[in-house]
Q: 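One structure, pasted below without further comment.
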Amino acid sequence: MKTVATRFAPSPTGPLHIGGVRTALFNWLYSKNKGGKFYLRIEDTDKERSKEEFKDQIINSLKWIGINYEDGEYIQSKKIDDHIYVANELLKKGLAYKCYCSSDEIEEQKKRAKQKKIPYIYNRKWRDKSETDYPKEINPVIRFKSKIEGKSILKDLVQGKIEIENNTIEDFVILRADGSPTYNLSASVDDHLMGMTHIIRGDDHKINTFKQIQIYEAMNWEVPCFAHIPLIHTIDGKKLSKRDNASTLDDFSSIGIMPNALRNYLLRLGWSYKDKEIFDLNESIKYFNLEGIGKSPSKLDISRIYSMNEYYIKNINEDDLFKFLKTYCETSKEKIPDSAQKKIKNSLHFLKNKAKTLEDIYKNSQFLIDDKFQIKKEDKKLLDKTAINIIKLFIDDINKISDFNRKTLEPIIDNLIKSNNTNFKGVGQPLRICLTGSRFGPGIYDILCSLGKEEVYKRLSQIG
RNA sequence: GGUCCCUUCGUCUAUCGGUUAGGACACAUGGUUUUCAUCCAUGAAAGAGGGGUUCGAUUCCCCUAGGGACCGCCA
């Protein structure tokens, strides 16, 4: 058995969206599961639309979510000579031919087909012409001689058998009038040269596969296995596209979604293994297979992304969580000051219980960093005379204790509740407001203990 | 319009001819609680429709309907 080799081959003509990332993930997981290799190929042969920034964005996205690839990026535009060479080989073998139709002529035919409501297919006008007929003044395109008769069968690893009449596949262009190769040529040549064994891609490529297989066969190359995965749809059931609002990984990371959570979500979108929902990295490699991929498109559901993220926040170890938080703050908020790092890390055990996202942790941890908060008007109203009095009594009480922890604080607060004839809220609410600037947030004891005696004293003394 | 593909709770899905059709998210209700949450319990919620095959179909086949993808000298 050959070593499994897969690739992800995006074109840098727009930002990579979450659907593309899932395709990359499936390829990566498949190769890892088989002990194989995974490559990244940048398909940048469209010079006009390819942008360096998109290439960088693709690379960074894969890096962020933890998909690594062999040997750096394979840049397709650097291999154009190989593609042209193959085109000429096909020409020599008589398996491709020069077509002298002008673009206008082709456009005209398409238009007419549309008017008559009949399917357009190139009429193979130059397929069997001899060289003596060639006009001198036009640069020809090279077309592949597609099979005209019979059927082709694709044994797709996800979709099963797909049958198609050969005459529905036209003589497609492999070399443009300017001599540059087109997608179907470049992709097959590269996949062959890179030794790809399995091509896993969106099912929008199904028809291309029938074209590409013909190129393989014409060149006597071994045909790889194909697996066409259903596309991800938007909530209104349309294919995720580079234009209109298709979410990128940046969109998710900037609201505090963690890469491992998104990876898990993406894995389970259109793939399943029994009833299992949570897959850590090793498990996802261990269990991933092509059989588990469903045949129907699936819709992106943001609430599941949140809940997956929440699960990871609550269940990964706090060292890792803190690393994610640190990175998140640096890239999307502001760097956590050195002086606050330890405090926040030590507070994660309660901060994480209130968080769905890293942003939630960030927000709820602000009181640890910043004591110059503004108390909201409606909160200030709650700080009436009795409340202020309770706070003063509390200050006196904590000055009497040397150890400052839950055990020593509980009796103090209990006493205050009794002596002021109030309930926990009557004491807790004013304290929380004065210490954090908000009615909402962590538990009172968590706030007190994480700030420490001195800071609590300092903040409370300013009130009144 | 042509070709190809798809169809189980709102969403992601389990089931590989026999199940009270299961789980997760979301939702609703109740409980715990120290605000906001968490957590726990409970509930509502699905086989597109019609034919076959079969002792028995969500599962296999056909038709219909609905949805999607592709139909570039883009990738």
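In what follows, chains are A, B, ... by sequence order, proteins preceding strands, each numbered from 1.
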Q: Are more than 12 heavy atoms from other residues, nucleotides or ligands located less than 6.0 Å from atom NZ of A/Lys380?
A: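 Atom NZ in A/Lys380 is not crowded, with 12 or fewer foreign heavy atoms closer than 6.0 Å.
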Q: Report the base-pairing partner of B/A69 (Watson-Crick or G-U wobble, both distances below 3.5 angstrom), or none.
A: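 Per the H-bond distance test, B/U3.
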Q: Among A/Glu43, A/Arg49, A/Glu48, whose side chain to side chain contact (heavy atoms under 4.5 Å, CB included) with A/Thr13 holds?
A: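 With A/Thr13 as partner, side chain to side chain contact (heavy atoms under 4.5 Å, CB included) holds for just one option, A/Arg49.
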Q: Just checking A/Tyr445: base, sugar-phosphate only, or nothing, at a heavy-atom cut-off of under 4.0 Å?
A: base
Q: Are the ring centres of A/Phe288 and A/Phe26 closer than 6.0 Å?
A: yes
Q: By the 4.0 Å heavy-atom rule, please label A/Arg112 as base, sugar-phosphate, or nothing.
A: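 Counting heavy atoms under 4.0 Å across all strands, no contact is made by A/Arg112.
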Q: So for atom NZ, which belongs to A/Lys111, do other residues, nucleotides or ligands contribute more than 12 heavy atoms lying within a distance under 6.0 Å?
A: no
Q: Does the structure show a Watson-Crick or G-U wobble partner for B/U38, both distances under 3.5 Å? Name it, or say none.
A: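 Check on B/U38: unpaired, no WC or wobble geometry under 3.5 Å.
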Q: Go ahead and name the base partner of B/A75; Watson-Crick or wobble counts if both distances stay under 3.5 Å, otherwise write none.
A: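 Across any shown strand, B/A75 pairs with none.
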Q: Side chain of A/Phe440, heavy atoms from C-beta onward: which of B/U38, B/C36, B/A75 has the nearest atom to it?
A: B/C36
Q: Scan A/Gly270 against the nucleic acid and name what it touches under 4.0 Å (heavy atoms): base, sugar-phosphate only, or nothing.
A: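 Contact class for A/Gly270: sugar-phosphate only.
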Q: Would you mind classifying the nucleic acid contact of A/Lys276 as base, sugar-phosphate or nothing, using non-hydrogen atoms under 4.0 angstrom?
A: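 It contacts nothing in the nucleic acid.
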Q: Regarding A/Gly428, tell me which of base, sugar-phosphate or nothing describes its non-hydrogen contacts under 4.0 Å with the strands shown.
A: nothing
Q: Select one nucleotide: of B/C5, B/C12, B/U11, the one nearest the side-chain heavy atoms of A/Asp301.
A: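 Of all the options, the side chain of A/Asp301 is nearest to B/U11.
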Q: Considering heavy-atom distances to RNA chain B, does A/Glu163 or A/His233 have its closest nucleotide positioned more toward the 5' end?
A: A/Glu163
Q: What contact category does A/Ser438 fall into here, base, sugar-phosphate, or nothing, at under 4.0 angstrom with non-hydrogen atoms?
A: nothing
Q: Counting only distance, no hydrogens or angles, is the base of B/C36 paired donor-acceptor with the side chain of A/Lys354 under 3.5 Å?
A: yes
Q: Closer to the 5' end of RNA chain B via nearest nucleotide, is it A/Thr45 or A/Ile444?
A: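 The 5'-side residue here is A/Ile444.
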Q: Contact class for A/Val173 (heavy atom, under 4.0 Å): base, sugar-phosphate, or nothing?
A: sugar-phosphate
Q: Measure from CZ on A/Arg406 to P on B/U33 and round the result to the nearest Å.
A: 13 Å
